[in-house]
Asker: 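Please read through the structure below; I'll follow up with questions.
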Amino acid sequence: MAPSLLDTFRVLSSFEPPRGKLRGAPWEAYVDWAISQGLAPLAAYNLEYRMAGGEAPEWARDRMMAIYTGSVNDNVMKLVHFKRIVDQLEGRKILLLGGAAFAEALYPHVGFRPVLDIQVLVRRMDVDGFAGYLSNHEFVPEKDDTNSGAARVVSDGRTPIYLYSDVLGANRREQLAGIFDRAIPMKVYGTSVFRPELEDALLLTALDQAHRGYDVPWLSYVDLRELITGATWMGGVYSRPMNVPVLLERAEAFGLERALYTSLAIVARLFPEAEAQATAAFPPLRRATRELLDRGVVGPVSTPGRASALRGVDRLRRLLTGQ
């Protein structure tokens with residue numbers, strides 16, 4: 001039987017793809033979809049260097065390899081430029097989120113994980129100050145067209161930077177302060193840049209997915225897979241088993257039990273190798289709630305190539321995050 005779109009995704013998003021060929025894979029559908037989901041760089045590397053082409057047509061390999069090459073160069077340019085900006089900043093605490101925090105911590109090669117933007121979490125009182133600091137480096141305010149929930153978006157015309165602040169809501173500032181207190185230094189960026197601890201990073205990723213109504217690139221689920229399974233390829237800051245009791249305790253304190261369940265359930269469906277760790281961390285929701293989320297969110301979102309967004313995103317966001 002020819003591989004399905006989901007089968008092709010699983011093989012080409014693995015850090016250790018199986019040796020079996022992808023003869024008959026739906027390349028016409030996969031290539032454009034993979035590019036749009038941020039998956040093409042990793043897929044290109046797997047095809048060229050791990051699977052001897054994987055019986056993919058030459059046009060598909062060439063197109064994705066061009067994306068891989070561009071991703072390597074673009075990531076290096078963005079992250080080095082950001083380092084130059086923040087390297088001398090002192091006396092602040094800025095937490096990197098998303099691709100900028102994950103590219104070198106979760107992925108064996110920084111080019112595997114496109115960094116389309118830079119997301120940072122800052123204290124509410126630091127939003128204006130950091131935005132002003134960035135304005136000295138030609139970053140100007142930009143309209144947020146992505147439903148990100150960021151307090152501010154600035155850009156230099158090449159790299160948008162999203163500034164988040166009260167991501168847990170106005171009533172959970174004490175819990176947010178805990179995320180800052182536990183944050184891990186990223187010394188390569190100077191003394192003011194940190195990244196969230198593993199359990200916090202996992203919950204913030206689930207929060208971002210829920211806030212966007214799960215209309216996120218599938219690359220986000222690869223991020224989550226690696227956080228859940230302890231980044232076993234890396235031997236770095238996120239390379240340890242997640243502490244499930246701590247994760248569940250924080251999910252309850254953050255008001256994110258439904259969002260965490262939904263994100264974990266999606267990963268469990270997409271990646272059989274991560275199913276055991278994902279399901280072991282399911283929050284204790286009522287059966288009816290789980291069935292509602294499975295039917296209304298997990299099932300539709302876990303279908304590759306889905307063209308339509310989930311209905312009632314605002315209502316869904318309130319259901320999953322309480323915000």
Side-chain angles (χ1 to χ4, degrees), residues 91-98 100-102 105 118-131 147-152 162-186 192-214 216 220 223-224 227-228 230 237-238 240-267 277-278 280-286 289-290 293 297 314-323:
R92 302 295 178 187
K93 205 161 192 179
I94 300 162
L95 274 60
L96 277 184
L97 309 175
F102 296 155
I118 293 177
Q119 302 173 30
V120 300
L121 178 63
V122 298
R123 293 184 173 93
R124 183 171 51 129
M125 63 183 180
D126 288 333
V127 171
D128 290 338
F130 190 47
N147 194 33
S148 69
R152 197 76 53 84
Y162 291 78
L163 281 67
Y164 294 86
S165 56
D166 288 331
V167 292
L168 300 181
N171 296 326
R172 290 189 171 90
R173 288 175 181 157
E174 182 178 346
Q175 290 82 356
L176 184 63
I179 294 176
F180 279 92
D181 291 342
R182 294 185 291 267
I184 304 165
M186 295 183 71
S192 290
V193 179
F194 296 72
R195 73 175 116 218
E197 187 188 46
L198 173 61
E199 288 75 23
D200 291 331
L202 204 158
L203 286 167
L204 289 170
T205 301
L207 171 61
D208 179 65
Q209 293 172 350
H211 187 90
R212 297 174 189 256
Y214 290 90
V216 297
S220 181
D223 292 342
L224 201 57
L227 290 170
I228 290 169
V237 65
Y238 290 137
R240 65 170 176 83
M242 60 180 170
N243 188 324
V244 173
V246 167
L247 179 70
L248 295 179
E249 180 183 0
R250 291 181 194 170
E252 181 180 11
F254 295 176
L256 294 178
E257 290 178 294
R258 292 171 176 172
L260 177 62
Y261 171 82
T262 304
S263 293
L264 291 176
I266 292 170
V267 170
Q277 290 103 319
F282 279 174
L285 301 180
R286 293 185 305 161
T289 301
R290 293 198 307 270
L293 294 173
V297 184
D314 288 340
R315 182 183 177 192
L316 175 63
R317 184 186 304 122
R318 290 193 296 271
L319 171 67
L320 295 177
T321 69
Q323 299 180 31

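Side-chain atoms are counted along with the backbone in the values below, which use heavy atoms only and exclude waters and symmetry mates.
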Asker: Do side-chain atoms of Arg172 reach the backbone of Ala253 as a donor and acceptor pair under 3.5 angstrom?
Answerer: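 Judged by distance alone, yes, a pair lies under 3.5 Å.
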Asker: For Val167 and His211, what are the C-alpha separation, side-chain angles and deciding distance, and is it a side chain to side chain contact (heavy atoms under 4.5 Å, CB included)?
Answerer: CA-CA 10 Å; Val167 292; His211 187 90; over 6 Å; no
Asker: Do Thr205 and Phe102 come within less than 4.5 Å of each other through their side chains, counting heavy atoms only?
Answerer: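 Touching, per the 4.5 Å side-chain cut-off.
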Asker: Run Ile266 and Leu224 through side chain to side chain contact (heavy atoms under 4.5 Å, CB included) and show every step you take.
Answerer: CA-CA 10 Å; Ile266 292 170; Leu224 201 57; over 6 Å; no
Asker: Once you round to the nearest 0.5 Å, how far does CG of Leu96 lie from CD1 of Ile184?
Answerer: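 If I round to the nearest 0.5 Å, the distance is 12.5 Å.
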Asker: Who are the side chain to side chain donor-acceptor pair (under 3.5 Å) partners of Arg258, not counting sequence neighbours?
Answerer: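 Per chain and number, Arg258 pairs via side chain to side chain donor-acceptor pair (under 3.5 Å) with no residue.
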Asker: Atom CG in Leu227, atom CG in Leu203: separation rounded to 0.5 Å?
Answerer: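 Going from the CG atom of Leu227 to the CG atom of Leu203 covers 10.0 Å.
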Asker: For Asn243, does its backbone N or O pair with a side-chain atom of Glu199 as donor and acceptor, under 3.5 Å?
Answerer: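 At least one qualifying donor-acceptor pair exists.
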Asker: Tyr164: which residues meet the side chain to side chain donor-acceptor pair (under 3.5 Å) condition with it, sequence neighbours left out?
Answerer: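 For Tyr164 the side chain to side chain donor-acceptor pair (under 3.5 Å) partners, ignoring immediate neighbours, are Arg212.
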Asker: To the nearest 0.5 Å, what is the distance between CG (Leu204) and CZ (Arg250)?
Answerer: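 Here the rounded value is 10.5 Å.
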Asker: Give a yes or no answer on whether the side chain of Arg124 reaches the backbone of Asp166 with a donor-acceptor pair at less than 3.5 Å.
Answerer: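 Flag not set: sc Arg124 to bb Asp166 has no pair under 3.5 Å.
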Asker: Go through Thr289 and Tyr261 one step at a time and tell me if the side chain to side chain contact (heavy atoms under 4.5 Å, CB included) criterion holds.
Answerer: CA-CA 10 Å; Thr289 301; Tyr261 171 82; over 6 Å; no
Asker: Sequence neighbours excluded, which residues qualify as side chain to side chain contact (heavy atoms under 4.5 Å, CB included) partners of Gln277?
Answerer: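 Counting only residues at least two positions away or on another chain, Gln277 forms a side chain to side chain contact (heavy atoms under 4.5 Å, CB included) with Ile228, Thr229, Met242.
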Asker: So how far is it from Leu95 CG to Arg182 CZ, rounded to the nearest 0.5 Å?
Answerer: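 Rounded to the nearest 0.5 Å, the CG-CZ separation comes out at 10.5 Å.
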Asker: Please name the pair of heavy atoms, one in Pro283 and one in Leu260, separated by the smallest distance, quoted to 0.1 Å.
Answerer: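 Heavy-atom minimum between the residues: CG-CD2, 3.8 Å.
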Asker: How many angstroms lie between CD1 in Ile179 and CZ in Arg123, if you round to the nearest 0.5 Å?
Answerer: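 Result: 11.5 Å between the selected atoms.
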Asker: Could you check whether atom CG of Asn171 has more than 12 heavy atoms from other residues, nucleotides or ligands sitting under 6.0 Å from it?
Answerer: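 No, the 6.0 Å shell around CG holds no more than 12 heavy atoms from other groups.
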Asker: Take Leu163 and Asp126, measure what side chain to side chain contact (heavy atoms under 4.5 Å, CB included) needs, and give me the verdict at the end.
Answerer: CA-CA 10 Å; Leu163 281 67; Asp126 288 333; over 6 Å; no
Asker: From Leu247 CG over to Leu198 CG, what is the distance, rounded to the nearest 0.5 angstrom?
Answerer: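 Rounded to the nearest 0.5 Å, the CG-CG separation comes out at 8.0 Å.
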Asker: Phe130 ring centre to Arg92 NZ or CZ under 6.0 Å, with the angle to the axis within 45°?
Answerer: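 Judged by the rule, Arg92 and Phe130 form no cation-pi pair.
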